[in-house]
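Proteins get letters first, then strands, A, B, ... in listed order; numbering begins at 1 in each.
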2 protein chains.
Amino acid sequence: MAITTDAIGAANGFAGVQSVTRACVLLDVLARDGQLGVTEIGRRCDLPKGTVHRLLMTLECRGYVERAAQDGIYRLGLKLFELGSLVLDRRELVTEGRRHVVRLMEESGETVHLGIMDGGHIVNLAVQEPPQAIRVVTPVGGRSPIHCTSTGKAIAAHLPPSDLQALVAEYGLPRYTANTLSDMDVWLADLAEVRVRGFAVDQEEHREGGRSVGAPIANHTDTVFASISVTGPTHRFTSEQIALFADMVCDAAADISRSLGAGSQAVAIIRGNSRKGVIVRE
Amino acid sequence: MAITTDAIGAANGFAGVQSVTRACVLLDVLARDGQLGVTEIGRRCDLPKGTVHRLLMTLECRGYVERAAQDGIYRLGLKLFELGSLVLDRRELVTEGRRHVVRLMEESGETVHLGIMDGGHIVNLAVQEPPQAIRVVTPVGGRSPIHCTSTGKAIAAHLPPSDLQALVAEYGLPRYTANTLSDMDVWLADLAEVRVRGFAVDQEEHREGGRSVGAPIANHTDTVFASISVTGPTHRFTSEQIALFADMVCDAAADISRSLGAGSQAVAIIRGNSRKGVIVRE
DNA sequence: TTGCGGTGTTCCGTATCGTGGAACGTCGTT
DNA sequence: AACGACGTTCCACGATACGGAACACCGCAA
């Protein structure tokens with residue numbers, strides 16, 4: 001499937017500056033498919049060779065792409081890494097959250113994710129994997145769906161209904177496993193439960209054999225904008241374990257929120273009204 | 001000073017696609033100065049408001065920039081973080097090197113840098129800081145000069161003379177401290193010494209009060225392309241300590257090179273012909 | 001309230017600029 | 001030697017981005 005120039009929120013007519021949009025598409029293609037030649041890139045995004053070549057040269061001048069010395073194969077450049085690192089530096093969330101992420105990993109012995117919402121998806125800002133043999137691996141910077149992960153649902157639960165409608169209208173509730181909540185009403189009911197409990201649970205809704213527990217993080221304006229979660233194989237996520245993990249995750253989320261300046265009432269909401277147990281689908 | 005649209009290697013006439021180059025400049029400005037409004041960005045890169053606004057909207061559609069909800073202030077977007085993370089995933093160097101970086105930090109008790117050369121500078125791909133109170137802090141993704149850091153000199157020492165000439169012709173040997181080697185001949189002599197010893201030493205040449213020891217890393221084509229170093233305050237880098245650090249750093253560099261598939265003769269070169277001591281400038 | 005200086009945003013005629021097809025040079029393979 | 005596939009260069013055309021100016025909106029001060 002060719003990556004198109006359709007913009008993210010292009011319901012309106014604005015398509016953006018053509019060549020800039022195209023340059024972005026080239027980067028998307030390189031991000032998805034690794035390293036490619038001019039012709040191949042042209043094929044994948046329906047552009048003539050000449051155009052692709054010109055755009056790539058421009059991006060190369062700026063360090064956004066680079067090419068293997070001999071064969072003229074292009075790949076993403078270090079400039080992107082440089083800019084990407086700057087993005088995180090500006091987000092106190094990561095500096096504040098990192099030690100909690102590590103501690104939570106050590107406490108739980110499972111993979112910990114710290115995520116933020118961006119354009120209908122969850123972006124993993126930090127990941128800490130346990131030294132376990134069987135563990136979940138998700139790359140830093142990777143994106144996860146919002147409707148079937150505990151990080152996603154922890155945030156979604158605190159979004160205004162209109163935003164949820166808009167999100168679902170745009171992305172739908174695509175099915176990943178047999179357990180994915182792909183019905184709007186069921187999903188909304190689950191989110192309501194998340195609000196009551198204070199934490200979200202993903203029971204193999206995203207990946208077969210994987211469960212996770214996540215809690216929301218609020219900032220100084222008392223708005224939920226991020227979340228933290230532990231993830232692991234189903235057999236280590238029994239009802240009792242989930243209850244234990246939930247306590248740890250909520251504590252961590254509350255700590256991070258406080259250190260970001262969230263008010264005590266927001267923290268109380270995060271911690272949930274009741275810690276009633278989770279019914280595990282066996 | 002306004003950031004211009006001059007390309008990196010624009011000795012030739014090719015200036016790139018105008019709007020793409022401009023978009024890159026906008027990102028550079030945002031990277032340097034944090035978050036800015038449309039007018040201010042326009043001022044800093046000499047573009048009319050309308051143009052800046054149109055370009056920013058395009059970049060926003062793609063997630064390369066984002067804006068605070070209320071005030072229309074732009075900043076770098078998470079898409080850049082996403083792409084930046086991918087750049088590293090593709091570089092086996094980082095996955096192979098990270099555990100060595102951590103081990104070296106623990107062994108030495110000092111800050112460890114893993115760097116690669118890009119466009120006349122060293123980019124720090126990984127940094128590990130010790131839990132010391134006094135320590136060197138350099139952000140991941142940050143750039144360092146090549147002529148006055150141990151990471152830089154470790155790589156430069158194994159570059160062909162013509163490349164060195166070209167680098168100096170373009171960037172010069174700017175002085176950072178009183179110790180900076182800013183004379184070409186002196187610098188080349190230092191690099192020759194690096195080749196003999198197998199490791200490079202920076203004696204407050206980059207930062208007042210900071211010393212570092214670095215060794216080159218070769219890949220499967222037996223080409224030096226990266227380096228690893230320990231950095232710390234001068235008082236912890238005596239002649240004896242430097243000798244100890246040098247052993248550790250060279251071992252780590254050799255290990256990483258081997259795991260990247262470097263041949264044994266390349267590793268031998270990296271390890272240097274003689275480990276004769278370093279004369280410390282007091 | 002009424003201005004004012006500062007934003008961000010939109011508009012539209014113009015000519016600049018990017019476009020893309022086709023031709024070229026250069027490999028490696030048959 | 002001929003082919004195919006690649007990256008690169010070229011150039012006339014016209015679509016496209018440009019940018020100045022007008023607009024809308026705020027917060028502030030008089």
Side-chain angles (χ1 to χ4, degrees), chain A residues 2-7 9-27 29-30 33-62 64-77, chain B residues 2 4-7 9-27 29-30 33-62 64-75 77:
Chain A
I3 291 184
T4 68
T5 56
D6 294 341
N12 50 29
F14 180 72
V17 175
Q18 190 187 53
S19 39
V20 174
T21 303
R22 286 178 171 182
C24 292
V25 171
L26 295 193
L27 293 179
V29 169
L30 284 175
D33 298 339
Q35 26 193 61
L36 300 169
V38 172
T39 309
E40 187 54 32
I41 295 176
R43 253 196 290 274
R44 305 207 183 186
C45 42
D46 270 322
L47 288 174
K49 285 197 296 183
T51 303
V52 171
H53 182 251
R54 188 167 2 94
L55 290 170
L56 283 175
M57 279 178 71
T58 308
L59 289 173
E60 193 189 0
C61 281
R62 290 273 149 190
Y64 287 74
V65 303
E66 58 192 33
R67 57 201 313 195
Q70 324 79 329
D71 47 3
I73 276 183
Y74 288 87
R75 58 176 181 176
L76 297 182
Chain B
T4 68
T5 56
D6 294 341
N12 51 30
F14 180 73
V17 175
Q18 189 187 56
S19 40
V20 174
T21 302
R22 286 178 169 180
C24 292
V25 170
L26 296 193
L27 292 179
V29 169
L30 285 175
D33 299 338
Q35 26 193 60
L36 299 170
V38 172
T39 309
E40 188 55 32
I41 295 176
R43 251 194 292 275
R44 304 207 184 188
C45 42
D46 270 323
L47 288 175
K49 287 197 296 183
T51 303
V52 171
H53 182 251
R54 189 167 359 94
L55 289 170
L56 284 175
M57 280 178 73
T58 308
L59 289 173
E60 192 189 2
C61 281
R62 290 274 151 190
Y64 286 74
V65 302
E66 56 191 34
R67 57 202 311 195
Q70 323 78 330
D71 47 4
I73 275 184
Y74 289 88
R75 58 176 181 176

Supply the atom-to-atom distance [X] [atom1] to [Y] [atom2], rounded to the nearest 0.5 angstrom.
| X | Y | atom1 | atom2 | value |
| --- | --- | --- | --- | --- |
| A:Leu27 | A:Leu76 | CG | CG | 6.5 Å |
| B:Arg54 | B:Leu59 | CZ | CG | 12.0 Å |
| B:Met57 | B:Arg67 | CE | CZ | 8.0 Å |

Worksheet item: A:Lys49 and A:Val38: which non-hydrogen atoms are nearest, and at how many Å?
Response: O-CG1, 3.7 Å
Whole-Å distance between [N] [atom2] and [X] [atom1]?
| X | N | atom1 | atom2 | answer |
| --- | --- | --- | --- | --- |
| B:Ile73 | C:dG6 | CD1 | P | 16 Å |
| B:Glu40 | C:dG8 | CD | C1' | 14 Å |
| B:Leu56 | C:dT9 | CG | C1' | 13 Å |
| A:Met57 | D:dT8 | CE | C1' | 9 Å |
| A:Leu26 | C:dT19 | CG | P | 10 Å |

Worksheet item: In terms of side-chain heavy atoms of B:His53, which of C:dT10, D:dG7, D:dT9 is nearest?
Response: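 From the listed options, C:dT10 comes nearest.
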Fill in: Criterion side chain to side chain contact (heavy atoms under 4.5 Å, CB included) against A:Tyr74, the qualifying member of A:Val29, A:Leu56, A:Leu26
A:Leu56
Worksheet item: Does A:Arg43 have a side-chain nitrogen or oxygen under 4.0 Å from the phosphate oxygens OP1 or OP2 of D:dC6?
Response: yes
Practice prompt. Might you work through the side-chain contact (heavy atoms from CB on, under 4.5 Å) test for A:Arg22 and A:Val52, ending with a clear yes or no?
Written response: CA-CA 9 Å; A:Arg22 286 178 171 182; A:Val52 171; over 6 Å; no
Nucleotides 14-21 of chain D: which of its N/O atoms have a protein N/O under 3.5 Å away?
unit_1 : atom_1 : unit_2  : atom_2 : d
D:dT16 : OP1    : A:Gln18 : NE2    : 3.4
D:dA17 : OP1    : A:Gln18 : N      : 2.4
D:dC18 : OP2    : B:Arg54 : NH1    : 2.1
D:dG19 : OP1    : B:Arg22 : NH2    : 3.4
D:dG19 : OP2    : B:Arg22 : NH1    : 3.0
D:dG19 : OP2    : B:Thr51 : OG1    : 3.1
D:dG19 : N7     : B:Arg54 : NH2    : 3.0

